[in-house]
Amino acid sequence: MRRPAPRVISGGRWLLVFSAALLAAIALVVTVSFGQTGRPASGPELPRSCVDTSLVPPAGRTIAVAAGGDFQAALKAAQPGDVITLEAGAKFTGNFTLPNKPGAGWIVVRTAAPDGRLPAPGTRVTPASAGAFPKLISPNGRPVLTAAPGAHHYRFVGLEFTVTPDVAGYDLISLGNRPASAADVPHNLIFDRVYVHGTPTANLRRGIALNSAWTAVVDSHISDVHEIGADSQAIGGWDGPGPFRIVNNHLEGAGENVMFGGADPSLASLVPSDIEIRRNHFVKPLAWRIGDPSYAGRAWTVKNLLELKNARRVLIEGNLFEHNWAHAQGGTAIVFTVRNQDGGAPWSAVEDVTFINNVVRRTGAGIGMHGMDSKPSQPTKRVLIKNNLFEDVSGARWGGGGRLFQLYNGVTDLVIDHNTAFQDGPIIMAEGRPHTGFVYRNNLAPHNEYGIQGTGTAPGKGTLDAYFPGAVVEMNVIVANPYVAQYPPNNFYPASLAAVGFAELTGGNYRLGATSPFLRGGTDRKDIGADLDALAAAMAGTADSRRGGCRRAEND
C-alpha cells in the first residue's frame, strides 16, 4: 500500500513516516494519544442519557377546542393520557400556562388535522407545511406558552407559535426559569414538528427558553428570532439540567442560534448536561447582513451559530452550520468558552464535547475556544473535533480573521482529528495560557500566511513549544507551507491544493482521488482529511441505526 511522503516529497524522510505510523497504531490499540510528556489526552464522554421521543399512544379522552374556544380551560381540564386538539388553521391569542398535573401520563396538544396532513415523523416542517397548524399567538411581550413550576409530560405536535406583528417579545416559549428547587424544574416536554417564529421587523429575544429537564425539540422550524442591542437565540438554556435532544430542526437566531449558559443557574452546581444536537440546519439569513444585496435594513446583533458557556457531555453531530459574519463579534461560527457569567457560578464548565461529522461553511472564522473565564470557573476540557468539513471560512468575504481554530487560555485535552478545511487565515491561532493534552493529526488544510501561530511566537515549532507543550502533531497535510523547516517532520507539505489530488476540487468533491499521495495516509491508515461518506451518512441520519443509545459518535 502506498504511503504519502513527508514535507515536499522527500525520500529521506520515509523512516520518520513509518515510525510515526507505527507509534500511531500502538496509540490506537490503547485508545488514547500521548504527547511528548507521556500524559494521555483523555477523550470526551458522550451523553449518558437520551430523550426518547417515540410517541406514546394516548389512553384517555380527546378534548376538542374549536376556533374561538378556550385553550387554557382545556389545559386545566386535561388529565394524563388525554389529547387536546386545536382546530386546524384557527388562531388562539393569549399567554397560556402548562399546569403541573399529578401522574406520569402524557398530555398531547396537537392540530385537529389528521396525520395525513402533517409531515411524517422524522420530517422537518417548513413554513409552507404549516397550513394545517393552529396558531398560538402572544398579543404582548410575554411568552405565548409558559411551563408552570414542575409542569411535565406535555407533547406538542403540529402547532405554530408566534407573536402579534410588530410586538417586541422576550421568550416566545418559556420552559422554566429561576427554580427554587429541583422540584420546580419543568420536565418531560417534547416539541414535535412545530413552527416557532417571530416577525421580520420586531425584536424577539428567544424562540424557546430551554430551562427544563428531559426536553426535546425535533423536526421543527424556528425562525425570525433577532434583537438589536442584545443576544438572541432560537434555543437558549441556562437554568435546566437536561438531558436535551435538539434534532432535525431549522434554527435561526441572530445572536447565537443555540446557546447553553449565558446566565448563572439558580440551583447550585447546575450544568446543562447530556445534550444531543444532531442533523440541524443552523443559519442566519443574508437579509440580516449589512451590505448584502438582500439586506432588509435592520442591524440585528449577530455573533455566533452555536455557543457553549456552561455545558457538559454534548454530542454535536451531522449538522450544517452556515452564514456567520463579523458584526457584534468577530464572525466565529462555533464557540466553546466557559463562562461564570454573573460571577455566582464558579462550577461553570464546558467539558466532554464531541463535535463530529458536521459541515461549517460561509463564516468569518471556524471554532473558537477559551480554557478559563476571567471569573472563577472550571477549565474547558475533553473536546473532540473530528471528521468535519470547513468550507469558505473567509475573513475576506465574511469579516473577521478567517481563522480555522482560535485557542485561548489553556484548553485541556483537545483532539482535532481527520478534518478537511478551506480557510484564508491561520489554521490555529493561540494566545494566553498553554494548552495541555493537545492532538492535531490527520487533518487537511492550507497553511496560508501564518499556519499554526501564537501571539508573539513564530509559526510552527515556536508556537507549538510555547503554547502546546507535549503536543502530538502528525500526519497532517498542510498545503503551501512556506516554513516547512519550522514544522514537525512527520507531516506533509504539498505545494498547492492541486497537488493534494482531490477527486474534483473545483466541483466541491473533496474526497481524495485515486492518485492522491495521501490516500490511507493517516495514523489509522484512513485517508487524511474528513471521511465525507461518513459525514454525509450522519447528516442524513442513515448512520444512527449502527449506533446504540446516546453513544452514537466514534470518539477514538
Side-chain angles (χ1 to χ4, degrees), residues 1 4 21 24-25 27-29 31 33 43-47 50 122 245-248 276-282 306 314-322 333-334 352-361 366-367 383-393 404-405 414-423 439-445 474-477 500-505 507-514 516 518-556:
M1 177 179 63
L28 285 173
V29 171
T31 69
S33 297
E45 182 182 357
L46 289 164
C50 285
R245 176 179 168 91
I246 303 171
V247 174
N248 194 35
E276 180 186 9
I277 302 173
R278 292 191 303 108
R279 292 192 290 114
N280 303 285
H281 185 195
F282 290 70
L306 171 66
V314 186
L315 170 60
I316 306 160
E317 182 180 20
N319 302 280
L320 171 60
F321 298 91
E322 64 178 344
I334 313 296
D352 296 306
V353 178
T354 301
F355 188 88
I356 186 170
N357 293 326
N358 302 285
V359 174
V360 181
R361 67 187 185 190
I367 297 180
V383 178
L384 174 68
I385 301 171
K386 182 174 182 180
N387 210 64
N388 304 285
L389 172 64
F390 297 86
E391 185 180 20
D392 191 14
V393 178
L404 185 56
F405 302 110
L414 168 62
V415 176
I416 302 174
D417 188 15
H418 272 297
N419 300 282
T420 295
F422 302 90
Q423 86 289 347
V439 177
Y440 184 79
R441 66 188 176 201
N442 303 319
N443 301 289
L444 194 164
E474 61 183 1
M475 300 305 189
N476 301 288
V477 173
V500 172
F502 292 106
E504 190 180 1
L505 178 61
N509 182 355
Y510 305 125
R511 295 165 178 82
L512 299 183
S516 172
F518 309 112
L519 284 171
R520 298 177 294 281
T523 59
D524 50 7
R525 298 187 178 275
K526 295 181 180 179
D527 295 353
I528 295 176
D531 180 341
L532 298 183
D533 293 324
L535 189 157
M539 296 186 74
T542 56
D544 296 349
S545 61
R546 297 199 300 269
R547 300 168 181 169
C550 295
R551 301 181 180 274
R552 295 183 173 88
E554 299 174 20
N555 89 22
D556 50 12

Would you mind telling me which of Thr523, Asn419, Asp527 makes a side chain to side chain donor-acceptor pair (under 3.5 Å) with Asn442? Thr523

CG/Asn358 to CE/Met539 distance, rounded to the nearest 0.5 angstrom? 7.5 Å

Are the side chain of Thr420 and the backbone N or O of Leu444 linked by a donor-acceptor pair below 3.5 Å? no

Are Val314 and Ile277 close enough that some pair of their side-chain heavy atoms sits under 4.5 Å apart? yes

Which atom names give the shortest non-hydrogen contact between Ala514 and Leu519, and what distance separates them? O-CD1, 3.4 Å

Can a salt bridge be assigned to the pair Asp533 and Arg511 using a cut-off of 4.0 Å between side-chain N and carboxylate O? yes

Once rounded to the nearest 0.5 Å, what's the spacing between atom CG of Asn387 and atom NE2 of His418? 7.5 Å

Any side-chain heavy-atom pair of Val360 and Phe355 under 4.5 Å: yes

For the pair Ile316 and Phe321, evaluate side-chain contact (heavy atoms from CB on, under 4.5 Å) and give the outcome as yes or no after the intermediate values. CA-CA 11 Å; Ile316 306 160; Phe321 298 91; 3.9 Å; yes

Between Gly366 and Val393 the two heavy atoms that sit nearest each other are N-CG1, 3.7 Å

Going from NE2 on His281 to CG on Leu320, what distance comes out if it is rounded to the nearest 0.5 angstrom? 4.0 Å

Just wondering, do Asn280 and Ile246 contact through their side chains at under 4.5 Å, heavy atoms? yes

Note: Gly43 and Asp352 closest approach over all heavy atoms is O-OD1, 4.3 Å

SB check Asp417 Arg441 (cutoff 4.0 Å): yes

Set out, in order, the CA-CA distance, both residues' side-chain angles and the distance that settles side-chain contact (heavy atoms from CB on, under 4.5 Å) for Val439 and Leu414, then state yes or no. CA-CA 6 Å; Val439 177; Leu414 168 62; over 6 Å; no

Validation row: Val477, Asn443 side chains within 4.5 angstrom (heavy atoms): no

Test side chain to side chain contact (heavy atoms under 4.5 Å, CB included), reference Val359, set Asn388, Asn319, Leu532, Leu535, output is Leu535

Kindly give the heavy-atom pair with the smallest separation between Asn248 and Gly122, and that separation in Å. ND2-O, 3.1 Å

Output the distance between atom OG1 (Thr354) and atom CD (Glu45), rounded to the nearest 0.5 Å. 9.5 Å

Grab the two heavy atoms, one from Gln423 and one from Ala445, that are nearest each other, plus how far apart they are. OE1-CB, 3.9 Å

Between Glu276 and Cys50, which heavy-atom pair has the shortest distance, and what is it? OE1-SG, 4.4 Å

May I ask you to decide if the ring planes of Phe390 and Phe405 are parallel, tilted or perpendicular, using 30° and 60° as cut-offs? perpendicular

Is the closest side-chain donor-acceptor distance between Glu504 and Tyr510 under 3.5 Å? no

In Å, rounded to the nearest 0.5 Å, how long is the span from CZ of Arg245 to CZ of Arg278? 5.5 Å

In Å and rounded to the nearest 0.5 Å, what is the CG to CD1 distance from Asn476 to Ile528? 7.5 Å

